[in-house]
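Order of appearance sets the numbers: ligands from 1, and atoms from 1 within every ligand.
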Amino acid sequence: MLETLLVIAVTGAAGLLAFLIVYARWHYGSLEKLGIPVETPHFLLGSNPDGHKIVYAHKDLERFHKYGSVYGVYEGRTPRLYVTDPEMIRRIMVKDFDHFYDRTVPEWGHEIFDNLLDFLPGEKWKTIRSALTPMFTSSRIRNGGKNFAALTDKYIKELHKDFKGSSLKFEMKEFTTPIFVEFTCDYFLSIKVSSEGNIRENYIYKMVLEAVNEGQDSSFAFVIITVFPFLLKFLPLFSKEGINKFLKTLDEVIKVRKANKVDITSGKDFIDVMITMLESLDSPEYKRLGIDKVTIQAQAFEMFIAGYDSILATLSVLSYHISANAEIQEKLIVEVDENLEKIKDGTADLPYLTACVKEAIRLSPSFIELERVCMKEWTYKERDINITIPKGMSVCIPAWATNRNPEIFNDPEEFRPERFYKGIDGKLVTELEQNPMSQYSMNSFGHGPRNCPGSRMAIELVKSVIARMLQEFKFIKRVDTVVEIQEGIPMIVRYKPIYVDILKREFESEQ
Ligand code: HEM
């Protein structure tokens, strides 16, 4: 009897093991069939078996140099086609968008995450995306920049208290995280967090940092999840309690807004947009597409998720570039000093600062890999590329690598804002504008109907912080200043703390 049980147990275990191996390797071979170079996968763990230790951005660049225009990588069990050829990128993201309109949906295990705009499918995505457009009008963007600058002022006042002498060791992300959270709460969602004391103790602040997995070291568990994606939902990535409390607060804000119609001269804010969407819940269109209250609430959450890493990483890396390039900093200071009044009322264009922000975003695209799923078989035959992508295959644009394409960008690793500088009156034709394909090598905000809707807003927010800081401080590179990316984080780039010194400009002549 015992023997029989043992035989059953061993056979069962062997069967399960065999099943798991077959499951993990199920798609192996599918990329090779396309006739492209493929990063050889590990027996079970795909092409990045050491994914918890590698810097994905650097890996992408290495593979771009090794394989060129099109190549394959197994992300665990998932075959991914990587495309760096600018014309093929244009076709996928813009011209033949009808073949590539969705992204892969991870099994988050939380309905709010499942309903983020990034992951909504087809028509449902289109409807929600178009409902959100009033938030990104020019006047909303200008006002956003103005509010961000005002908040920066408030935090700069606090910062002054930390100075013992004329300079201070400074970390941009640490400084701007509270500004970003307070701004997103207040400007998008009309939730006042500052009145509740230290924002770092606020539950929304904590919820956001938890949801973006801030401060968590990457672990081998993430490699296992690429092989068995259904395990993602079992990871304790966020506190359901925090999210539920946030959704309740949002309900309250909506109730108050409905009761007190406010006149928003700068255009609809997110709460108005939500109310309009909520009023459509019973419409045949929303019912047919399965748009419910959670779909709408998720977009409020999206405002934190979409901007958190991107804005904060751009600001951090820009503090480094400015500190490391004295001439560029001088030019910026002149531009800022000439526009003090306009900066205050949010009407300054600051073209050189804009070029610096764009160049920082080229060198440091926060979303290092853009993704689309091929929705119906698609063939591309141009020059030396001849490929048919099967339905269902994930297609990736490795932005960190394409943005350093040496055929488009001379000295690609150099921080050179002139690539984007159109002169004070905006009349200069930049080196990049002379090359029509360069825009599809600059993939920081994506392209086509599913590009980043927040790109113009993001540039304004970053500009508003830098402009305000340069009015009072200079950024100085320290001997121990380093720019290092955290290992083991796929899809996005997150930096280890980047320390620079800030020097009060009033003491500049004494140095
Ligand atoms: C420097 C800052 C930012 C960068 C570099 C950035 C970059 C991107 C990229 C690369 C995508 C994917 C585009 C594609 O697949 O073609 C994206 C999507 C998105 N971004 Fe941004 N983003 C930034 C800031 C923001 C901000 C501030 C918001 C909103 C307040 C925002 C909202 C979104 C949304 C909602 C999507 C999903 C779009 C869709 O699927 O239709 N982003 N962003």
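When hydrogens are left out, the protein atom nearest atom 31 (C) of ligand 1 is Ala306 CB, 3.4 Å; that is the closest non-hydrogen contact. Nearest protein heavy-atom neighbour of atom 9 (C) of ligand 1: Phe367 CD1, 3.7 Å. Here the heavy atom of the protein found nearest to atom 10 (C) of ligand 1 is Ser444 O, 3.1 Å. Counting only heavy atoms of the protein, atom 28 (C) of ligand 1 lies nearest to Gly454 CA, 3.8 Å. Scanning the protein heavy atoms around atom 38 (C) of ligand 1, the nearest turns out to be Arg129 NH1, 3.5 Å.
Contact atoms of ligand 1 toward Arg372: 14 (C), 15 (O), 16 (O) (distance under 4.0 Å to a heavy atom of the residue). In summary, the atoms of ligand 1 found under 4.0 Å from a heavy atom of Glu302, numbered by their order in the structure, are 35 (C). Shown in contact with Pro453 at under 4.0 Å from a heavy atom are these atoms of ligand 1, numbered in order with element: 19 (C), 20 (N), 33 (C), 34 (C), 35 (C), 36 (C), 38 (C). Listed by atom number, the atoms of ligand 1 under 4.0 Å from Leu370 heavy atoms are 10 (C). Each of the following atoms of ligand 1 lies closer than 4.0 Å to a heavy atom of Arg450: 13 (C), 14 (C), 15 (O), 16 (O), 39 (C), 40 (O), 41 (O). Heavy-atom contacts of Gly446 reach the following atoms of ligand 1: 10 (C), 13 (C), 14 (C), 16 (O) (cutoff under 4.0 Å). Within ligand 1, counting atoms from 1 as listed, the ones closer than 4.0 Å to a heavy atom of Met93 are 16 (O). The ligand atoms of ligand 1 that sit less than 4.0 angstrom from a heavy atom of Thr314 are 1 (C).
Ring geometry for Trp378 against Tyr380 counts as parallel: the plane angle stays under 30°, on a 0 to 90° scale with 60° as the upper cut. In this structure, Phe180 and Phe304 have perpendicular ring planes: the angle between them is above 60°, well past the 30° mark.
Polar contact check, Arg103 against ligand 1: a nitrogen or oxygen pair lies under 3.5 Å apart. Distances between N or O atoms of Asn443 and those of ligand 1 include no value under 3.5 Å.
Between the Lys463 side chain and the Asp349 main chain, a donor and an acceptor come within less than 3.5 Å of each other. In terms of modelled atom types and a separation under 3.5 Å, the side chain of Gln299 and the main chain of Thr295 share a donor-acceptor contact. Counting only distance, with no hydrogens or angles, the side chain of Glu171 and the backbone of Ile498 share a donor-acceptor pair below 3.5 Å. Formation of a donor-acceptor pair under 3.5 Å by the Thr402 side chain with backbone atoms of Ser441 is found in this model.
In plain terms, the two heavy atoms of Met303 and Thr184 that are nearest each other are CB-CG2, 3.8 Å.
Selection from Ser366, Ser310, Ser455 by nearest heavy atom to atom 3 (C) of ligand 1 gives Ser310. If you check each of Gly144, Ala399, Cys452, Ala458 against atom 20 (N) of ligand 1, the one with the closest non-hydrogen atom is Cys452. Of the candidates Phe445, Phe304, Phe119, Phe445 brings a heavy atom nearest to atom 6 (C) of ligand 1.
Ionic pairing of Arg494 and Asp309 is present here: one or more N-O contacts between side-chain nitrogen and carboxylate oxygen are shorter than 4.0 angstrom.
Atoms CZ and NZ, from Arg200 and Lys206 in turn, are 12.0 Å apart once rounded to the nearest 0.5 Å.
Taking 4.0 Å as the cut-off, His447 counts as a neighbour of ligand 1 on heavy-atom distance. Residue contact annotation: Gln299 has no non-hydrogen atom under 4.0 Å from ligand 1.
Between His110 and Asp114 there is no side-chain heavy-atom pair separated by less than 4.5 Å.
Proximity of the aromatic rings of Phe170 and Tyr499 is defined here by a centroid distance below 6.0 angstrom, and this criterion is not met.
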